[in-house]
Amino acid sequence: MAEEERKLNTALDPDEMYAALEEKIRAGSHPMDMARIRAAYEMARAAHAGQLRKDGSPYVTHCVAAADISVDLGLDEDSIIAALLHDVIEDTTLTHADIAHQFGTAVADIVEGVTKLTRMQYATKEEEQMENLRKMLMAMAKDIRVILIKIADRLHNMRTMAYQTAEKQRSKSLETMEIYAPIAHRLGMQQAKWELEDLALQYLDPQGYKEITDSLDAKMPLLEAFMDSMKEKIQTRLDAEGIDSTIYCRIKHVYSIYRKMYAQKLDINGIFDLCAFRVIVDTIPDCYNVLGVIHDMFKPVPGRFKDYISTPKPNMYQSVHTTVIGSEGIPFEVQIRTWDMHHTAEYGIAAHWKYKMGDGSAALRQGDEDKFAWVRRLLESQQESDAQDFFHDLKIDMFADEVFVFSPKGDVINLPAGATPIDFAYCIHSDVGNHMVGAKVNGRIVTYDYVLQNGDIVEIRTSKSAPGPSRDWLNLVKSGSARTKIKQWYKKERREENVIRGREMLEDELKHNELTLDDVSDEEVMAPILKRLSFNAVEDLYAAIGYGGVTAARVANRLRDELKNLNAERKTALDKINQAAERREERAKKEGKAVHGILVEGLDNCLIKFSRCCTPVPGDDIIGFITRGQGVSIHRRDCTNYQQRLAHPEQEQRWIKVSWAREVTDSYVTTLTIASKDRSGLVMDIATVLNALNAKVRTLSSRSLGSGLALTVVTMEVKNAGELRYIMSRLSSIPAVTGVTRNGA
């Protein structure tokens, strides 16, 4: 089907594809505003005009294909519009406001949620990927349609992946296998999950994929004959029992076979249950009646019976599974479910869609929101994690196999496979975990590292005097939510301890990189890391390391890289400065000797005079003025006298280029004016600061201006502009001082 659709999409032009989309929508069971959907198509086509896909087709064909998949999923009108527009914010000049103006805020928010963070800069590709996923999950928590459209988008991209480079085929397929197929599974969208997995496998292991498909093609006549025979036998018996049923049969999808081959180290000839049968009935009692009939007809395989009707999977999946051995000695699986269960199994959350009359928005059926509480748990855990930890928790909480256990009251609790009683305690409530002092499983006391099994009855013992969680628990728990709650406890209860511990851990880790804290304490090194990790101060970073919010190794690696980059930048800047100095020195050799640290273009050993109006010092941008009988007068370029004289064209020829020599050893006189509020002791405070700075003061005078204001003038000698700026900053910090300025500015 994917291959046929790929050929169809590249053969049709956008208008023909859209016409087919309209026809499919009209054939559906829900009436929609076709004029509104047409307007969305026109907007997408105009916005993407001139953009082409790798196969040479207009880019908007991808948007139409994503909308077509959304229709197959049974999504609503806003979803189809959002699918048509899903790339316009990322790839065109259209904005959220443009979409909201024409189609409403709900559509614009969905498109924004699907849009990647393309304008942000990240240290690694993994960090960028995780931040994009984090953004998508946050949008998904507000409107589940965001992820449904993203899956439609990814599904079509995977169907047309043949036109991409080998590198992109592999990276996108890996991302699909690690993120999007498991999300589809968690949403209960089995059809989308299977197709995503099979398409990704083609590029991740093309040889393995081809071996399986070739073998299936060779076996297909035999398998089809077997399925037809078994289907007829089961249907005949169920009809005789008076059970109204519909039977489907299929070959297991390629990735399922591939995974079983590698897990059990078999070739395809060693896998016998390639066929699966699905029996769909009207009621739940009929499901169990069919199970009894199947077990009467065929011998069941021990340990292969699973009842997901009484204990549904977290993604809402319900069916009874059993594996039996046919008359030919070939094992096969039978899945038994009702029609409602079947729709949920095929389309997951999309099967639970309903329409609110009046405002045109869509929502889940009452009570279904709780079935997707895992989204909220993921978002809660991400607040205490960086990108790598978040992805680790994501894989466990959302993608891993699960174990079902019971509370003493009989409530079913699902946890990641490998979970311990600590996971169970924190799943019940944070306080239960924080005050846990022991656990019983099936009436027997167990250790904290006991691995829970399906069907275990778990009881947690608590005490108000419990010391709280141990740091070792972080290595025992499997669920990201439990890990987050333990970290939150340490963050809140052990702040000072965390700071000390985190600092020590970071120091130890830096030693492995042959660095010390002093090496990375420079604000230019530490500030970018604090900003990237969302910490306000270095103590917050130490505390986070101490309670496990971020690992010392990761922080040390980032500090090392930041220091390396900064040193490289500094070296480049220093090289440029040295090269400029060498060029100035070469010019000086040609132009003459410096006088009082000044080089005058075209003149040698001329008389130099520093203007009193602006008192320039080394580091200032300067200009020379040829005076009558007194040589060259040196001014700052921001000097008011210089700016005024520029208005006199007759003096233009008297201005001359000058520069500071490379090495200046003289001191230069300059004057500062200090404005302040009038108060006793002010002059003494100014003098104290100047004395502490070893400033060479020539004169210091102060006078009251009335109205509670005072003016102090200081004439001093400095080496350069940097020293002068430092003195000015220190003077500015004196209480009551309102401003410090240089004369002439």
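The analysis underlying the following values was restricted to heavy atoms, covering all of them including side chains, and did not include hydrogens, waters or symmetry mates. Note that the coordinates shown come from a computational prediction; the quantities given were computed from them, not determined experimentally.
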Out of curiosity, [X] [atom1] to [Y] [atom2], how far, rounded to the nearest 0.5 Å?
X	Y	atom1	atom2	result
Asn157	Lys168	CG	NZ	8.0 Å
Arg304	Thr322	CZ	OG1	9.0 Å
Arg483	Leu476	CZ	CG	10.0 Å
Asp431	Thr462	CG	OG1	9.5 Å
Asp456	Ile413	CG	CD1	13.0 Å
Arg558	Ile529	CZ	CD1	6.5 Å

Minimum heavy-atom distance between [X] and [Y], given as atom pair plus value:
X	Y	value
Ala553	Glu509	CA-CG, 3.4 Å
Val334	Ile336	CG1-CG1, 3.9 Å
Val499	Tyr542	O-CB, 3.5 Å
Ala482	Asp423	CB-OD1, 3.7 Å
Ile309	Gln318	O-NE2, 3.0 Å
Pro331	Thr323	CB-CG2, 4.4 Å

Assess the side chains of [X] and [Y]: does a donor N or O sit below 3.5 Å from an acceptor N or O?
X	Y	value
Thr447	Asp449	yes
Asp109	His96	yes
Gln335	Glu333	yes
Ser319	Tyr317	yes
Tyr258	Asp198	no

Between [X] (side chain only) and [Y] (backbone N and O only), is there a donor and an acceptor less than 3.5 Å apart?
X	Y	value
His185	Pro182	no
Asn442	Ile457	yes
Ser70	Ala66	yes
Glu178	Thr176	no
His253	Tyr255	no
Gln169	Met161	yes

Stepwise salt bridge (Lys or Arg N to Asp or Glu O under 4.0 Å) test for Glu197 and Lys193: CA-CA 6 Å; Glu197 287 175 339; Lys193 167 187 177 285; 3.3 Å; yes

Step through the shown structure and confirm whether more than 12 heavy atoms of other residues, nucleotides or ligands are within 6.0 Å of CZ on Arg170.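 For Arg170, atom CZ is not crowded (no more than 12 foreign heavy atoms under 6.0 Å).
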
Residue Lys306 excluded, over 12 heavy atoms near NZ under 6.0 Å: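 No, NZ of Lys306 has 12 or fewer neighbouring heavy atoms, counting only those of other groups under 6.0 Å.
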
Run the side chain to side chain contact (heavy atoms under 4.5 Å, CB included) check on Tyr448 and Thr420 step by step: do they pass? CA-CA 7 Å; Tyr448 286 154; Thr420 66; over 6 Å; no

Going by the rule side-chain hydrogen bond (donor to acceptor under 3.5 Å, both in side chains), which residues pair with Tyr308 if we only count those two or more places apart in sequence or in a different chain?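 With neighbours one apart ignored, the set is empty.
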
Answer yes or no: is there a side-chain heavy-atom contact under 4.5 Å between [X] and [Y]?
X	Y	value
Ser479	Tyr426	no
Val538	Arg503	no
Glu175	Arg154	yes
Phe406	Val458	no
Leu155	Leu199	yes
Ile151	Met189	yes
Leu515	Lys511	no
Ser430	Trp489	no

Assess whether side chain to side chain contact (heavy atoms under 4.5 Å, CB included) is satisfied between Asp205 and Tyr262, documenting all intermediate values. CA-CA 12 Å; Asp205 188 355; Tyr262 277 82; 3.7 Å; yes

Please set out all donor-acceptor pairs under 3.5 angstrom arising from side-chain atoms of residues 466-474, sequence neighbours excluded.
from: Ser470; atom 1: OG; to: Asp472; atom 2: N; distance (Å): 3.1
from: Arg471; atom 1: NH1; to: Gly546; atom 2: O; distance (Å): 2.4
from: Arg471; atom 1: NH2; to: Glu497; atom 2: OE2; distance (Å): 3.2
from: Arg471; atom 1: NH2; to: Asn498; atom 2: OD1; distance (Å): 2.9

Applying side-chain hydrogen bond (donor to acceptor under 3.5 Å, both in side chains), run through Asn557 and Arg560 and close with a yes or a no. CA-CA 5 Å; Asn557 290 338; Arg560 178 200 62 206; 3.3 Å; yes

Applying salt bridge (Lys or Arg N to Asp or Glu O under 4.0 Å) to Lys150 and Asp153, what does each step give before you reach the verdict? CA-CA 5 Å; Lys150 188 62 183 178; Asp153 166 55; 3.4 Å; yes

As a quick check of understanding, evaluate side chain to side chain contact (heavy atoms under 4.5 Å, CB included) for Leu415 and Lys478, giving each step before the final call. CA-CA 8 Å; Leu415 297 166; Lys478 289 296 182 182; over 6 Å; no

Evaluate the criterion side chain to side chain contact (heavy atoms under 4.5 Å, CB included) for residue pair Thr105 and Ile99; output intermediate values, then yes/no. CA-CA 8 Å; Thr105 303; Ile99 300 171; over 6 Å; no

